[in-house]
Amino acid sequence: MKPSPHRAGTAEAPPLPQLARTLVVMAYALLATGVATDIASNPQSTISPALATAPVLAGIGTRRARVPLTAGALAMVFVAWLARADPGVPFAVHLTSGITVLAITCISTANVVLVATRERELLQSRSVAEAAQLALLRPAPERTGRLRVAVRYLAAAADARVGGDLYEVLTTPFGTRLIIGDVRGKGLAAVETAADVLGTFREAAQVEPDLALVAQRLDGTVRRRGHTEEFVTAALVAVADFGNLAELVDCGHLPPLLLHAGTVTAIEPGLLVPDPPLGLCELTGSIYHRREFILGRGGMLLLYTDGATEARDAQGRFYPLEERLPSMPESSPEALLDRLVTDLLRYAGGELSDDAALLAVHCEK
């Protein structure tokens, strides 16, 4: 598994939007023009009270306390300068300006420190959740049976909460079995649910000959957690060690995509009423169903979560995964996912709004 190295370990201020940067620059320019005009013009008036805006402007977009402190110190220098340049202005006006600058500097600095502290705490909490999540997502084997395997996990933007994406690849007495899933919700609760689902899958996939029964056991695991609004979308795939047949149990998840000879086919469940997500089967009064499909030599199967397909470009359009795959004719799952991740991040402007898991297997025999 190659997780995406999205974040650093420290809280850094996000870049200001272009409009905000423009407005801040204009405010600095107005302040500088006002000071220069004051020095060169009527000594009976002053704009020294406006210097209190300097530490406020300096505090915008920074997480370093020294920035507004430095701006406040410079503003105090200019207050003193204007006091000498405007002898006709009452001393009380300049004194009030100096006190105001000091007070605003303290407030702006305190605000920067508070925001930076809260962001560090949020980053630490998120890092704990990510560490727990990634500890569950064991590295997938590069080869299993007649398959080559590759996995990529893309963490979301720093201000998004960690999700409950999950995956696993197992060698079992019944061939290779795979799962990819997405827990409804975010945070540690989602990670805990993912842990329960993966634990059950790792046990049930080794002993249940019927893939649909594996799904039933996963459904029971989610239901027993006791959260009435909790569910997990998942796709379970089984690939036998011989022959071209593979099996799919789709539990309300996005359909896997099969790439073969330059064409892309979505492996739909083939049911009039799709099977429900894990945790909701009892509510619908149904059972899970298997669908067989052909995965022959040279075929590439891609499983993914909605963090990939719901990535948006600058115009708000979703990433067209199925339409873009035919232009990625890589013959190995590693190369395919490397190219797909690069294309996805470029499309989304460098970061995702939700975690995304990608699992690709290539049939070599």
Side-chain angles (χ1 to χ4, degrees), residues 5-130 155-161 314 348-353:
H6 259 341
R7 329 178 170 80
T10 58
E12 295 291 338
L16 289 175
Q18 181 61 44
L19 177 59
R21 286 199 301 270
T22 301
L23 292 174
V24 170
V25 170
M26 289 175 59
Y28 275 123
L30 287 172
L31 188 58
T33 301
V35 171
T37 302
D38 190 345
I39 294 173
S41 63
N42 186 3
Q44 305 298 320
S45 62
T46 184
I47 69 156
S48 62
L51 290 168
T53 62
V56 176
L57 291 173
I60 296 175
T62 185
R63 299 297 181 264
R64 294 178 173 85
R66 65 176 179 268
V67 175
L69 283 174
T70 302
L74 290 174
M76 287 298 297
V77 171
F78 278 106
V79 168
W81 189 357
L82 292 180
R84 297 187 62 183
D86 300 323
V89 176
F91 176 74
V93 173
H94 295 298
L95 179 61
T96 301
S97 297
I99 294 174
T100 303
V101 169
L102 287 174
I104 297 299
T105 298
C106 292
I107 294 172
S108 183
T109 303
N111 182 66
V112 169
V113 171
L114 178 62
V115 171
T117 301
R118 288 183 174 176
E119 287 188 351
R120 282 194 298 269
E121 291 173 352
L122 177 62
L123 184 61
Q124 290 170 356
S125 297
R126 181 179 173 85
S127 297
V128 169
E130 285 182 350
D159 57 349
R161 297 177 64 197
E351 61 182 21
L352 305 180
S353 59

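Heads up: numbering here begins at 1 and tracks the sequence. Nothing here was measured: the structure is a model prediction, and the numbers come from that model.
Taken from OG1 in Thr117 to CZ in Arg120, the straight-line distance is 4.5 Å, to the nearest 0.5 Å. Between atom CZ of residue Arg64 and atom CG of residue Leu69 there is a gap of 14.0 Å, rounded to the nearest 0.5 Å. Distance check: Leu30 CG to Met26 CE gives 6.5 Å after rounding to the nearest 0.5 Å. Atom CG of residue Leu57 and atom CD1 of residue Ile60 lie 5.5 Å apart, to the nearest 0.5 angstrom. Here the CZ-OG1 distance, from Phe91 to Thr96, works out to 9.5 Å after rounding to the nearest 0.5 Å. Atoms NE2 and CD1, from His94 and Ile99 in turn, are 13.5 Å apart once rounded to the nearest 0.5 Å.
Looking at every heavy atom in both residues, Ala58 comes nearest to Pro68 through CB-CA, 4.0 Å. For Ser48 against Asp38, the heavy-atom pair with the smallest separation is N-OD2, 4.3 Å. When all heavy atoms of Pro55 and Leu51 are compared, the pair lying nearest together is CD-O, 3.7 Å. Heavy atoms only, all atoms of each residue included: Val113 and Ala65 are closest at CG2-CB, 3.8 Å.
Ser108 has its side chain out of reach of Asn111: every pair of non-hydrogen atoms, C-beta onward, lies at least 4.5 Å apart. Between Val89 and Gln44 there is no side-chain heavy-atom pair separated by less than 4.5 Å. At least one side-chain heavy atom of Val112 sits less than 4.5 Å from a side-chain heavy atom of Thr62.
Taking a 6.0 Å sphere around CZ of Arg21, one finds it holds more than 12 heavy atoms contributed by other residues, nucleotides or ligands.
For the pairing with Ile47, the side chain to side chain contact (heavy atoms under 4.5 Å, CB included) check across Ile39, Val35, Asp86 returns one residue only, Val35.
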Under 3.5 Å, which donor-acceptor pairs link side chains of residues 70-84 to any protein atom two or more places apart or in another chain?
from, atom 1, to, atom 2, distance (Å)
Thr70, OG1, Arg66, O, 2.7

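With Thr109 contributing its side chain and Cys106 its backbone, the two residues share no donor-acceptor pair below 3.5 Å.
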